[in-house]
Amino acid sequence: MAANPSEKKETHFYYPSEAFAQNAAIPGMNAYRALCRAAEEDYKGFWAELARENVLWRKPFTKVLNETNPPFYKWFEDGELNVSYNCLDRNLENGNADKDAVVFEADDGTVTKVTYRELHKRVCKLANGLKSLGIQKGDRVVIYMAMSVEAIVAMQACARIGAIHSVVFGGFSAPSLSERIGNAGAVAVITADRQIRGGRHLPLKAIVDDALAMNENHAVENVVIYRRTGDKIDFVEGRDHWMHELTQSQAEICEPEWVNAEHPLFILYTSGSTGNPKGALHSSGGYLLWAILTMRWTFDIKPTDVFWCTADIGWITGHTYNAYGPLAVGATIVLFEGVPTWPHAGRFWEIIDKHKVSIFYTAPTAIRSLIKASNENAQFAPEQYNLSSLRLLGSVGEPINPEAWLWFYKHIGKERCPIVDTFWQTETGGHVIAPMPGATPLVPGSCTLPLPGMFVRVVDETGQELPWGQGGILVINRPWPSMIRTVWGNDERYKTHYWPEELGGKLYQAGDGAIRDPETGYFTITGRIDDVLNVSGHALGTMEVESVLSAHPMVAEAAVVGKPDDLTGESICAFVILKNELPKGDEAKTIAADLRKWVSQEISPIARPKEIRFGENLPKTRSGKIMRRLLRVIARGEEITQDISTLENPAILEQLRNSL
Ligand code: WT7
């Protein structure tokens, strides 16, 4: 929100180089617009053609989209396929058999390379092993593992036999795991003895034991354990099986289970802003199609690329852009077990250098923490490494503030690599709004324009489309192939949560606010709708304030929450992490005053934080998401009663609480 729109600075665009554009899948804005037009003119024809070209069908579909029971849409419903066949066998048949599928870098730096032929073999053996335990098509299998080749093998093996996997992030606690196992009605769990992160061994199997003990009604009959560390574990005879023993004598070929396009591929739990986690259910055909197309369009994937997505397989990004998309297009992926700052803060740059990564996809929070680290110690700055293999960068998970974008662009991409800021969600299966790297002129802080085939709108509370320049609710107004099919076991929740009556029941509500640039129509995500503050009757995106605070030269990271205020309805409380040490006393007061003035200047006096608290870090989930609900509690001075099991750094809560 510029204080005065007429003062809006002229937009500076960043263009792809000619060489990049020429070789790109979508080689310019005309090509992009032509695809958008094709989708507009013949929606079903557009998707049908792409589905025929990109997915290998056992039995071709004749029906494209079934809209008879909205919002329960069906795509390609009479087609048959197998996702694992599409990811693995396809590559044995098209000359990629001896190409590396996965380059795994362990926490301690050990590298293991697995070819497509080898991956296929391992998947078939585990698939046969699972079948030998009686696991069948439609059964749910929970995967509770860290980043490993075996985790990808486990996901692919489930897909191969038509079992529905539900990966639970290895950082979740026993109660959270137990809840998910119970909700999914899982018959088996695949796990590891332990995981290794940042030099520490952390239990996984023991947590599975605890989770199962917590729920007497669970349906789990088998637990398969990958031996990662060899640490001692408790072993329940008859229930527990070592993965290497289970697969040892299995055949190296497993005929895929041909499933209907609508057959569920996986359930992935996503925490809503409140309430129990929702099990987002994804299909086989539509999901795979979009995973493939976004690899081609957003990532412009080429046979020679080395693709590194840093997201854990416990999240949707790790599903679509580690376990499925890249394999289906025959790419080589880097899979990293460890953390960005161990044993030193240059680890990411070291890995890019070592494995000649060409496409690097990560999260703004990681970028910001590495900016801080490289400012503190030049030894770990990206300049110490050779990053010349990079040709494309990507960002995902939250809005990337322009300051972090520019740093990423300059210091990592050397002003040579386009950045794709990809807006999407667990529920969307793949990218929704993102630049096409060889086409779209980039603007830092904007995810730019929807992908061809995605019909995104900004509407008001009644579902009416708003003119560009006016902030509102982001919706998708046509079903798309990789969309969530339902909330597992709760059709009603799916319907009411994502297709709200107030908007007319026909618009998919993402839960985010957005605004389109009045001139370009570019989208900027203004934050979760539930994070919009109302100060003196003015709506303010928390992200907007955060972005401005983060752009201050002294600030490393900032999070903003609302707090009830007698005078203004809501007031702003900002949690700020400085690039330098934690300030104390008068120094803190002076800096806080400077920051208030800065926000006043950059947005408007209305956006000025009433309260500023300094800390050494923010409370984050292990996936790096700032836990704003905890910050809200701290801002209000209330006791923390919420679940903090997914918190990476619990000690920070105490510090922030005492920071006034
Ligand atoms: C929410 C979805 C999509 C994979 C990781 C997160 C926010 C995600 C962006 C972006 C602004 C973003 C949204 C969205 N988000 N990407 N590029 N710009 N916001 O998946 O946990 O389902 O979270 O993350 O708020 O709704 P998720």
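Values reported hereafter were calculated over all heavy atoms of this structure, with side chains retained and with hydrogens, waters and symmetry mates removed. Note that ligands are numbered from 1 as they come in the structure, with each ligand's atoms numbered from 1 the same way.
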Check: residues 396-404 side-chain donor-acceptor pairs under 3.5 Å, at least two apart:
unit_1	atom_1	unit_2	atom_2	d
E398	OE1	R368	NH2	3.2
E398	OE2	T365	N	3.3
N401	OD1	R368	NH1	2.9

Hey, can you pull the donor-acceptor pairs under 3.5 Å for the side chains in residues 446-463, sequence neighbours left out?
unit_1	atom_1	unit_2	atom_2	d
S446	OG	T448	N	2.9
S446	OG	F523	O	2.6
D460	OD1	T462	N	2.8
D460	OD1	T462	OG1	2.7
D460	OD1	G463	N	3.1
D460	OD1	Q464	N	3.0

Subject >> From CA spacing to verdict: side-chain contact (heavy atoms from CB on, under 4.5 Å), W349, L370 >> reply: CA-CA 10 Å; W349 323 131; L370 294 172; 3.6 Å; yes

Subject >> Every residue of the protein that comes under 4.0 Å of ligand 1, judged on heavy atoms >> reply: I316, T317, V396, G397, E398, P399, D421, T422, F423, W424, Q425, T426, D512, I525, R528, K625

Subject >> Check ion pair R485-E262 (N to O, under 4.0 angstrom) >> reply: yes

Subject >> Intermediate values then yes/no, side-chain contact (heavy atoms from CB on, under 4.5 Å), R347 and F336 >> reply: CA-CA 10 Å; R347 188 76 191 264; F336 175 44; 3.5 Å; yes

Subject >> Partners meeting side-chain hydrogen bond (donor to acceptor under 3.5 Å, both in side chains) with N477 (sequence neighbours left out) >> reply: none

